[in-house]
A.B. asks: 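Here it is, the structure, as structure tokens.
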Amino acid sequence: MCGLFGISGHPEAARMAYFGLYSQQHRGQESAGIVTFDGSSMHAHADMGLVPDVFDEQVLSRLTGDKAIGHIRYSTAGSSALRNAQPLVVRVRGINIALAHNGNLTNAAELHRELEEQGSIFQTNSDSETFLHLIAHNLEGHTIEEAIKAACARVRGAYSLVVLVEGRIIALRDPHGFHPLALGRVDKSWVVASETCAFDLLEAEYVRDIDPGEMLIIDGDNLNSQKIPGAGEVPMRQCIFELVYFARPDSLIFGEEVYSCRKRMGIELAKESGSEAEIVIPFPDSGIYATIGYAQGTGIPYEHAFIRNHYVGRTFIQPTQGMRNFGVKVKLNPVRSVISGKHICVIDDSIVRGTTMRTRVGKLREHGAKIVDVRISCPPVRHPCYYGVDFSSPKELVAANHPEKDLPHVLNLDSLHYLSIEGLLRTVKHPDRYCLACFDGNYPVPVNTPCGHCEHCGGKA
């Protein structure tokens, strides 16, 4: 999903970017990067790893200037490698451009081939670089804003962008508004971030969301809002998985308080499927908030049966399956006295591949759980996502490969119930604004047939 950050007109721009990225670390753990502008030159640093591992005082001191953009990466297109770390930085026709992207372009491979035939030389295998080449091809005789709009007219898919160019920060969302991007204010500086939790850490005021199809140009203290091609011509299709899983619960996403949405998901789940369990437990941390709602809705006592090791990253967004398996084992440790001999109802936010669920339920069985019911606060994930969530093949999805009635056996459960699509939509203010493709297969943007081994998409699409 990646995390974006930008700040304009702040004397500690690099340090503010550091903390802005740090607060969004849950959105990506593979690489981190910051680019600053000091009035004449850009300064960049990016590396593999978590934000505090990539940046220290010495590095931050070299990132001078009062404008900065930053990126944390979770790869869904392109390999997990340093060459794909962002922001990407180029110099075209005497103009320095840095770009950070959150999302997936569904026509990146065909654009890549076309641009190579026209002489473009790609330095990465990330779809984000396609934007830079399209911008470069349209710069002659046009402003940077016009070149960006021309690039947007060619791409399909999901993109939130933060661009640093010649002292201006340009932030935009695709016309469907798949992924979030918000505008804030700290002192006299404008800030943008994927999630508002970044504003809270910086004591910035949330101003508003950047609208789908909006390009916001921040030039000093001035804001200039423009529309990109397609703005207002297609329906809003925000990623509901942001509310289900990705976003931090203390963020405001798509006009929704994430904490409250997840709690309502648990309440709706309790209405749809109760349990005779003695206790209800979450799989920390993402399942906690739906569990609170479910416990309130059913009256079943809430307990913590797993203690989380907070020094282990999110298992879902590790780049390889082997690392996911390892992460699941070391991330949570059961409390035997809470589990032994009990009929337990487990609440979790989602089941994607089934790796996490099988391992954790196995732990419950090992520690003496008598009956294990599982309730999931979203519908079954049966279809790949091509817009920036890392399940791009049906072969990866346990619910796509087994009938729902067989899943309890497959996952070693006594019973299983998912929240319905209708129940999920009852938890949001504007149910007609969300992308549900991973649940119902209705893709708002056409996707090319996956090739399975294209190097330009990391063998995923």
Side-chain angles (χ1 to χ4, degrees), residues 2 4-8 13-14 17 31-48 54 62-65 67-73 75 77-79 81-105 107-109 111-155 157 159-172 192 215 217-219 228 455-457:
C2 299
L4 307 178
F5 184 83
I7 186 162
S8 177
S31 65
I34 294 173
V35 177
T36 61
F37 183 73
D38 65 7
S40 59
S41 302
M42 282 188 177
H43 308 275
H45 182 80
D47 208 342
M48 304 299 291
V54 172
R62 295 198 300 266
L63 298 175
T64 56
K67 298 172 180 66
I69 66 170
H71 184 272
I72 41 178
R73 187 164 189 260
S75 61
S79 57
L82 181 57
R83 62 175 174 157
N84 290 325
Q86 298 187 32
L88 303 175
V89 183
V90 296
R91 184 173 177 83
V92 182
R93 300 185 182 276
I95 300 174
N96 294 312
I97 304 172
L99 176 145
H101 171 214
N102 169 207
N104 258 27
L105 306 182
N107 64 336
L111 289 172
H112 189 120
R113 288 192 293 271
E114 176 187 319
L115 288 163
E116 282 190 325
E117 290 170 0
Q118 295 173 3
S120 294
I121 299 173
F122 283 75
Q123 303 299 317
T124 77
N125 65 357
S126 164
D127 61 344
S128 305
E129 190 181 357
T130 303
F131 260 110
L132 282 176
H133 286 279
L134 289 171
I135 292 168
H137 273 256
N138 288 283
L139 264 179
E140 186 174 6
H142 298 93
T143 65
I144 186 66
E145 293 86 354
E146 291 169 338
I148 291 174
K149 288 181 182 179
C152 292
R154 296 295 316 280
V155 301
Y159 53 92
S160 290
L161 297 179
V162 179
V163 182
L164 176 59
V165 55
E166 300 298 294
R168 284 169 291 166
I169 290 178
I170 301 173
L172 64 145
V192 293
M215 180 170 73
I217 301 140
I218 304 172
D219 189 359
I228 64 173
E455 66 171 353
H456 303 314
C457 66

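Everything quoted here is computed from the prediction, not taken from an experiment.
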A.B. asks: Could you check V165 against I148 for side chain to side chain contact (heavy atoms under 4.5 Å, CB included), going step by step and ending with a plain yes or no?
C.D. replies: CA-CA 11 Å; V165 55; I148 291 174; 5.7 Å; no
A.B. asks: Compare all side-chain heavy atoms of R91 with those of I97 and state whether any distance is below 4.5 angstrom.
C.D. replies: no
A.B. asks: What distance do S40 atom OG and E166 atom CD have between them, rounded to the nearest 0.5 Å?
C.D. replies: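 One gets 10.0 Å once the value is rounded to the nearest 0.5 Å.
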A.B. asks: Atom CG in L161, atom CD1 in I135: separation rounded to 0.5 Å?
C.D. replies: 7.0 Å
A.B. asks: Which heavy atom in A136 sits nearest to a heavy atom in V92, and how many Å separate them?
C.D. replies: CB-CG1, 3.7 Å
A.B. asks: Do other residues, nucleotides or ligands put more than 12 heavy atoms under 6.0 Å from the CZ atom of R168?
C.D. replies: yes
A.B. asks: Count the heavy atoms belonging to other residues, nucleotides or ligands that lie under 6.0 Å from CD of Q118, then report whether that count exceeds 12.
C.D. replies: yes
A.B. asks: Mind checking whether T130 and R154 have side chains closer than 4.5 Å, heavy atoms only?
C.D. replies: no
A.B. asks: Could you grab the distance from atom CG of D127 to atom CG of N107, nearest 0.5 Å is fine?
C.D. replies: 9.5 Å
A.B. asks: Indicate yes or no: at least one non-hydrogen side-chain atom of S160 is less than 4.5 angstrom from one of L4.
C.D. replies: yes
A.B. asks: Looking at N96 and M42, would you say the former's side chain and the latter's main chain have a donor-acceptor pair under 3.5 Å?
C.D. replies: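 Checking the backbone N and O of M42 against the side chain of N96, no donor-acceptor pair under 3.5 Å is found.
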A.B. asks: Take Q123 and E129, measure what side chain to side chain contact (heavy atoms under 4.5 Å, CB included) needs, and give me the verdict at the end.
C.D. replies: CA-CA 8 Å; Q123 303 299 317; E129 190 181 357; 4.0 Å; yes
A.B. asks: Please check: side-chain N/O of S8 versus main-chain N/O of K67, any donor-acceptor pairing under 3.5 Å?
C.D. replies: no
A.B. asks: At what distance, to the nearest 0.5 angstrom, does CD1 of I170 lie from CG of L164?
C.D. replies: 9.0 Å
A.B. asks: Is there a side-chain contact between F5 and I34 (heavy atoms, below 4.5 Å)?
C.D. replies: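 No, every pair of side-chain atoms sits at 4.5 Å or beyond.
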A.B. asks: Heavy atoms only: give me the nearest A46-A85 pair and the separation to one decimal.
C.D. replies: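 In this case the closest contact between A46 and A85 is CB-CB, 4.1 Å.
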A.B. asks: Would you mind reporting whether I169 and F37 have side-chain heavy atoms less than 4.5 Å apart?
C.D. replies: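 A side-chain contact is absent here, since even the closest heavy-atom pair is not under 4.5 Å.
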A.B. asks: From E145 CD over to M215 CE, what is the distance, rounded to the nearest 0.5 angstrom?
C.D. replies: 5.5 Å
A.B. asks: Taking H71 for its side chain and H101 for its backbone only, find out whether a donor-acceptor pair lies under 3.5 Å.
C.D. replies: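 At least one qualifying donor-acceptor pair exists.
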A.B. asks: Would you name the heavy atoms of N138 and A147 that are closest together and state the gap between them?
C.D. replies: O-CB, 3.8 Å
A.B. asks: Where do I69 and A98 come nearest, in terms of heavy atoms and distance?
C.D. replies: CD1-O, 3.6 Å
A.B. asks: Is there a side-chain contact between H45 and V54, using heavy atoms and a 4.5 Å cut-off?
C.D. replies: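 Yes; the side chains approach each other to less than 4.5 Å.
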A.B. asks: So does R73 get a backbone contact from the side chain of Q86, meaning a donor-acceptor N/O pair under 3.5 Å?
C.D. replies: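 No; judged by distance alone, with no hydrogens or angles, the pair does not exist.
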A.B. asks: Heavy atoms only: give me the nearest A13-G65 pair and the separation to one decimal.
C.D. replies: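 Shortest heavy-atom contact: CB-O, 3.5 Å.
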A.B. asks: Taking all non-hydrogen atoms of both residues, which atom of M48 and which atom of L82 are closest, and how far apart?
C.D. replies: SD-N, 3.4 Å
A.B. asks: Looking at CG of L105 and CZ of F131, how far apart are the two atoms once the value is rounded to the nearest 0.5 Å?
C.D. replies: 5.0 Å
